[in-house]
Structures are given as structure tokens and as C-alpha cells.
Amino acid sequence: MRPSLLLSVFLLFTVTLSHNHQVTSQSSPASKTPVKRPENETIYKVSKQLCWGCVAESLQFLFAHNLVRAYKWEAPLMWDFQLEKYARWWGGQRKADCKLQHSFPEGEFKLGENIYWGQGSTWTPYDAVNTWAAEEKYYTYVTNTCVAGQMCGHYTQIVWRDTRRIGCARVVCDSGDVFMTCNYDPPGNYIGERPY
């Protein structure tokens with residue numbers, strides 16, 4: 001999201017809040033009953049539903065990916081809200097079980113997809129991207145292969161030269177663990193092709 005657009009949204013939100021506060025403070029001056037303030041638990045539940053942290057999480061996902069790509073001199077990715085919507089849908093499907101499962105049947109990928117699971121609720125987008133990027137040590141460019149018994153496809157998807165767009169989501173599952181997923185378009189990891 002552009003900084004100017006983010007600033008505009010923030011200003012609109014501030015003005016709306018200020019206006020709503022003025023209207024409610026002027027209403028029914030004769031009433032002596034104090035207005036009950038919402039409790040912290042209520043505020044937490046409402047803000048969790050509105051997902052105020054989603055913008056920050058999106059920026060973390062995007063920034064972390066683009067740092068990895070910059071190291072290989074690849075063009076930065078752009079955030080795609082349709083891909084984010086798809087990732088949020090899949091994260092919602094995994095909320096009940098937090099199962100480390102792709103959204104596509106094996107071999108039928110229409111988008112690139114990296115998934116992550118972490119025990120506990122403190123895992124961040126940086127943790128997921130750093131874990132995927134750490135697979136670089138298992139990738140051999142000369143032979144375009146992974147070390148036997150290791151995975152490197154998450155890393156190669158991040159740095160895939162033709163990929164241009166990304167959308168991700170982070171979900172705290174019912175178990176209290178974290179499931180994160182990122183989708184990439186165009187997808188990468190084509191057999192016989194190098195990522196960069």
C-alpha cells in the first residue's frame with residue numbers, strides 16, 4: 001500500500017472517530033447516566049475481527065520477501081489483494097486444525113504457495129519468510145537441485161525471477177498455534193528451469 005494512501009486512510013479514520021465522538025458527547029445532555037465504556041475484552045474481540053494488524057502483517061510479508069529477492073538482484077514483488085484474499089480463505093480453512101496442508105492437490109498448482117506452521121501464537125511473517133529463505137543452503141544452482149533429503153522449493157519460489165505478485169495471510173488457529181500461507185503469481189518451481 002502506498003504511504004500516501006495509508007496516510008489518507010489514517011486521516012479519514014481519525015476524522016470519522018473525532019466526528020463520532022463529538023456527536024455522542026453532544027447527545028442527550030439531560031441524561032445523568034454515565035455512558036459505559038467498552039471493556040478491554042470487548043475492544044480486543046472487535047479489533048481482532050477488524051484485523052487492524054493485517055496491514056502491518058502484509059507489509060512484513062512483502063518486505064521480508066523483497067529483501068530475499070534483492071539479495072539475488074530480482075525485481076521486488078507487488079502486493080496483490082486477490083492473492084491475499086485467497087490466502088486468507090485458505091488460512092480460514094486451516095484455523096480449526098492448523099494442518100500443514102497446501103490449498104491445491106499435489107501436482108495441480110495454479111499459484112505458487114508456501115505454507116508455515118509454528119507452535120504458539122507469537123510467530124510473525126518474518127519468521128515464516130526467514131524459515132523459507134533458510135532453505136537456500138540446500139539449493140545448488142549449478143545442478144539446479146536440492147540436497148538429497150532436504151527441501152528448497154520454498155526458497156526457490158521466493159526468488160523465482162518471473163514471479164511478480166504476492167498475497168499472504170497469518171492465522172492464529174483454535175489450538176493457539178499459527179498457520180501462515182503465501183501465494184505467488186506467476187508461480188515458480190518449474191522442473192528444468194532455474195529460479196534466477
Side-chain angles (χ1 to χ4, degrees), residues 1-3 53-91 93-94 98-173 177-196:
M1 187 177 278
R2 289 187 190 159
C54 293
V55 172
E57 287 177 358
S58 300
L59 291 172
Q60 288 176 29
F61 277 119
L62 185 62
F63 183 72
H65 274 84
N66 285 335
L67 276 179
V68 176
R69 289 176 67 84
Y71 187 71
K72 294 297 179 187
W73 297 96
E74 291 302 326
L77 300 174
M78 301 296 293
W79 192 257
D80 186 290
F81 291 100
Q82 287 301 107
L83 292 175
E84 177 189 8
K85 184 178 176 181
Y86 181 82
R88 289 207 178 285
W89 167 78
W90 185 242
Q93 299 300 306
R94 298 278 56 90
C98 227
K99 187 176 179 184
L100 198 58
Q101 177 182 338
H102 282 287
S103 65
F104 297 93
E106 194 65 36
E108 295 182 27
F109 285 91
K110 306 293 184 224
L111 299 168
E113 186 171 72
N114 284 346
I115 54 176
Y116 176 92
W117 170 85
Q119 187 174 12
S121 62
T122 60
W123 301 98
T124 68
Y126 288 120
D127 295 317
V129 177
N130 288 339
T131 299
W132 298 328
E135 292 178 0
E136 179 183 13
K137 64 182 169 267
Y138 302 124
Y139 177 67
T140 306
Y141 184 81
V142 175
T143 59
N144 194 29
T145 58
C146 298
V147 171
Q150 299 294 334
M151 290 195 308
C152 64
H154 300 101
Y155 164 71
T156 54
Q157 175 57 81
I158 290 173
V159 295
W160 198 263
R161 79 174 141 268
D162 296 329
T163 299
R164 292 291 173 257
R165 292 171 297 284
I166 184 176
C168 305
R170 176 184 179 275
V171 174
V172 177
C173 301
D177 297 337
V178 170
F179 179 85
M180 288 183 259
T181 179
C182 287
N183 290 103
Y184 307 84
D185 186 56
N189 291 336
Y190 288 102
I191 295 171
E193 293 184 29
R194 285 186 167 80
Y196 46 84

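Values in this document were obtained by computation on a predicted structure and should not be read as measured data. Hydrogens, waters and symmetry mates play no part in the numbers below; they use all other heavy atoms, side chains included. The first residue in the sequence is number 1, and the count goes up from there.
Looking at Y116 and D127, their side chains never bring a donor and an acceptor atom within 3.5 Å of each other.
In this structure E84 satisfies the salt bridge (Lys or Arg N to Asp or Glu O under 4.0 Å) test together with R88, sequence neighbours excluded. Residues that satisfy the salt bridge (Lys or Arg N to Asp or Glu O under 4.0 Å) test with K110, not counting sequence neighbours, are absent from this structure. Residues forming a side-chain contact (heavy atoms from CB on, under 4.5 Å) with T122 (at least two apart in sequence, or on another chain): none. With sequence neighbours excluded, no residue forms a salt bridge (Lys or Arg N to Asp or Glu O under 4.0 Å) with E113.
Here the closest heavy-atom approach between residue Q101 and residue W90 is recorded as O-NE1, 2.9 Å. Closest non-hydrogen pair, P125 versus R170, comes out as CD-CD, 4.1 Å. The two atoms that bring V178 and V172 nearest to each other are CG2-CG2, 4.4 Å, heavy atoms only. In terms of heavy-atom proximity, A87 sits nearest to G167 at CB-O, 3.8 Å. The two residues F179 and C173 have their closest heavy-atom pair at CB-SG, 3.9 Å. Contact detail for L62 and M78: the closest heavy-atom pair is CD1-C, 4.2 Å.
The list of disulfide (SG to SG under 2.5 Å) pairs with a residue in residues 113-151, not counting sequence neighbours, reads C146-C152. Among residue pairs with one or both ends in residues 185-195, those qualifying as side-chain hydrogen bond (donor to acceptor under 3.5 Å, both in side chains) are T156-N189, R165-D185; sequence neighbours excluded.
Atom-to-atom distance recorded for L77:CG and F61:CZ is 13.0 Å, nearest 0.5 angstrom. N183 contributes atom CG, which lies 14.0 Å from atom NZ of K85 (distance to the nearest 0.5 angstrom). Expressed to the nearest 0.5 Å, how far SG of C168 lies from CG of D80 amounts to 10.5 Å.
Applying the 6.0 Å contact sphere to NZ of K72 captures more than 12 heavy atoms from other residues, nucleotides or ligands.
Side-chain contact check for W123 versus D177: every heavy-atom pair is 4.5 Å or farther apart. N144 is listed as a side-chain neighbour of P195, based on a closest heavy-atom distance under 4.5 Å. Two residues are said to be in side-chain contact when any heavy atoms from C-beta on lie closer than 4.5 Å; Y141 and Y196 meet this criterion. For the pair R94/W117, no side-chain contact is recorded, criterion being any heavy-atom separation below 4.5 Å from C-beta on. For the pair L111 and Y184, the minimum side-chain heavy-atom distance is 4.5 Å or more. Side-chain contact between H65 and W132: present, with at least one pair of heavy atoms (C-beta onward) separated by less than 4.5 Å.
For Y155 and Y138, the gap between ring centers reaches or exceeds 6.0 Å.
The closest donor-acceptor contact from the side chain of R69 to the backbone of I158 lies under 3.5 Å.
In this pair, F63 and Y126 present their aromatic rings perpendicular. The plane angle is above 60°, beyond the 30 to 60° band.
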